[in-house]
Amino acid sequence: MNKQKKGILFLLTGPSGVGKKTIWQPLINLPELKLVFSVSCTTRNKRPNEIEGVDYFFKTKEEFEKMIKNNGLLEYATYANNYYGTPKSFVDQVRKEGKNILLELEPQGGLNIIKMFKENKDSNFVSIFIAPENIDVLKERLLERSTESIDVITQRIKQAEWEIQQATAYQHMIINKTGCQKETTDTLYNIIIDAIRKNKSK
Ligand code: 5GP
């Protein structure tokens with residue numbers, strides 16, 4: 001019997017407001033990509049349009065800290081005064097079944113994942129950084145989205161300056177130009193399908 005090939009982990013990172021979710025979402029149901037989104041845990045408040053277990057698993061600080069203590073997270077970070085983290089067992093299970101997993105993280109978590117895969121010498125890993133054209137575009141998007149208070153938006157913009165500098169640690173960088181979202185999604189599709197083909201021929 002053929003041994004099931006382990007799926008690829010795709011790491012997608014970029015500053016808040018760059019449009020990560022809008023870029024990857026059209027790719028989730030494409031059968032050729034066998035791509036599963038890793039739903040994260042967070043302690044931030046649920047937004048009105050968000051669904052528990054689809055957008056996030058919403059946790060209290062105590063619940064989240066228990067997961068950290070029990071080694072239940074692949075990575076986690078504190079971002080804008082809240083915890084965000086990736087449940088470990090789900091990622092392992094999806095990859096074991098030969099499906100590919102997509103992690104959408106802020107850059108601190110992204111760097112932790114890059115370090116982890118380097119140390120483990122796991123080559124079934126692709127890192128992609130989504131960058132904005134400039135900081136002003138991010139600010140405009142966050143204000144337009146209006147899901148956070150002005151204080152939180154200011155905090156996110158401040159953090160974005162450091163975040164954008166982390167792009168060089170990634171295998172791929174895509175600039176999400178205003179009005180060119182389809183182009184960005186197509187570029188991401190090509191990166192993913194290329195890695196899948198390479199993995200098949202290994
Ligand atoms: P938001 O509050 O806007 O949903 O997310 C804030 C930031 O946290 C985004 O950049 C998002 O990609 C990131 N994020 C979401 N889930 C995780 C996670 O599990 N770990 C880390 N490190 N960042 C995450």
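- A salt bridge does not link E62 to K66: none of the charged nitrogens lies less than 4.0 Å from a carboxylate oxygen.
- Within a 6.0 Å sphere centred on CD of E52, heavy atoms belonging to other residues, nucleotides or ligands number more than 12.
- I175 and I191 end up in different hydrophobic clusters when Ile, Leu, Val, Met, Phe, Trp and Tyr side chains are linked at under 4.5 Å.
- With rounding to the nearest 0.5 Å, the separation of NZ in K20 from CD1 in I128 is 12.5 Å.
- The number of heavy atoms from other shown groups lying within 6.0 Å of NZ (K139) does not exceed 12.
- Partners of E119 according to the side chain to side chain contact (heavy atoms under 4.5 Å, CB included) rule, which considers only residues two or more places apart in sequence or in another chain, are K115.
- Under the 30°/60° scheme for interplanar angles, the aromatic rings of Y79 and Y84 are found to stand perpendicular.
- Side-chain polar atoms of E63 and Y83 form no donor-acceptor pair below 3.5 angstrom.
- Annotation for Y76: atom OH does not count as buried by contact number, only 12 or fewer foreign heavy atoms lying within 6.0 Å.
- Between the CD atom of E50 and the CG atom of D55 there is a distance of 4.5 Å, given to the nearest 0.5 Å.
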Trace of the side-chain contact (heavy atoms from CB on, under 4.5 Å) decision for L142 with S16: CA-CA 8 Å; L142 287 172; S16 179; 3.6 Å; yes
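- The neighbour count for N70 CG, taken as heavy atoms of other residues, nucleotides or ligands under 6.0 Å away, is above 12.
- For the residue pair T178/E133, the side-chain donor-acceptor check at 3.5 Å is satisfied.
- Remark: K5 NZ to R95 CZ distance equals 13.0 Å, nearest 0.5 Å.
- For the residue pair T147 and R145, a side-chain donor N or O sits within less than 3.5 Å of a side-chain acceptor on the partner.
- In this structure, D194 pairs ionically with K198, as a charged nitrogen and a carboxylate oxygen lie closer than 4.0 Å.
- The side-chain hydrogen bond (donor to acceptor under 3.5 Å, both in side chains) pairs that include a residue from residues 160-172 are T13-Y170, where partners are two or more places apart or lie in different chains.
- Minimum interatomic distance between A167 and F129 (heavy atoms only, all atoms of both residues): CB-CD2, 3.5 Å.
- Taking a 6.0 Å sphere around NZ of K158, one finds it holds 12 or fewer heavy atoms contributed by other residues, nucleotides or ligands.
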Are F90 and V36 close enough, and set up right, to give a side-chain contact (heavy atoms from CB on, under 4.5 Å), and what steps lead you there? CA-CA 10 Å; F90 184 71; V36 179; 3.7 Å; yes
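- One hydrophobic cluster holds both F37 and F57 under the rule that ILVMFWY side chains link at heavy-atom gaps under 4.5 Å.
- In this structure, a donor-acceptor pair under 3.5 Å is absent between the side chains of T42 and N82.
- Atoms CD1 and CG, on I150 and L143 in that order, are 5.0 Å from each other to the nearest 0.5 Å.
- The line from OG of S40 to CD of E106 is 10.0 Å long, rounded to the nearest 0.5 Å.
- Judged by distance alone, the side chain of T185 and the main-chain N or O of I23 form a donor-acceptor pair under 3.5 Å.
- Shown here is K46, whose NZ atom has more than 12 heavy atoms of other residues, nucleotides or ligands within 6.0 Å.
- With sequence neighbours excluded, no residue forms a salt bridge (Lys or Arg N to Asp or Glu O under 4.0 Å) with K96.
- Side chain of N190 to main chain of I193: no donor-acceptor pair is present (N/O by atom type, distance under 3.5 Å, no hydrogens or angles).
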Would you please test N199 and I196 for side-chain contact (heavy atoms from CB on, under 4.5 Å) and show each step? CA-CA 5 Å; N199 191 34; I196 292 171; 5.6 Å; no
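- No more than 12 heavy atoms of other residues, nucleotides or ligands shown are found within 6.0 angstrom of CG on N29.
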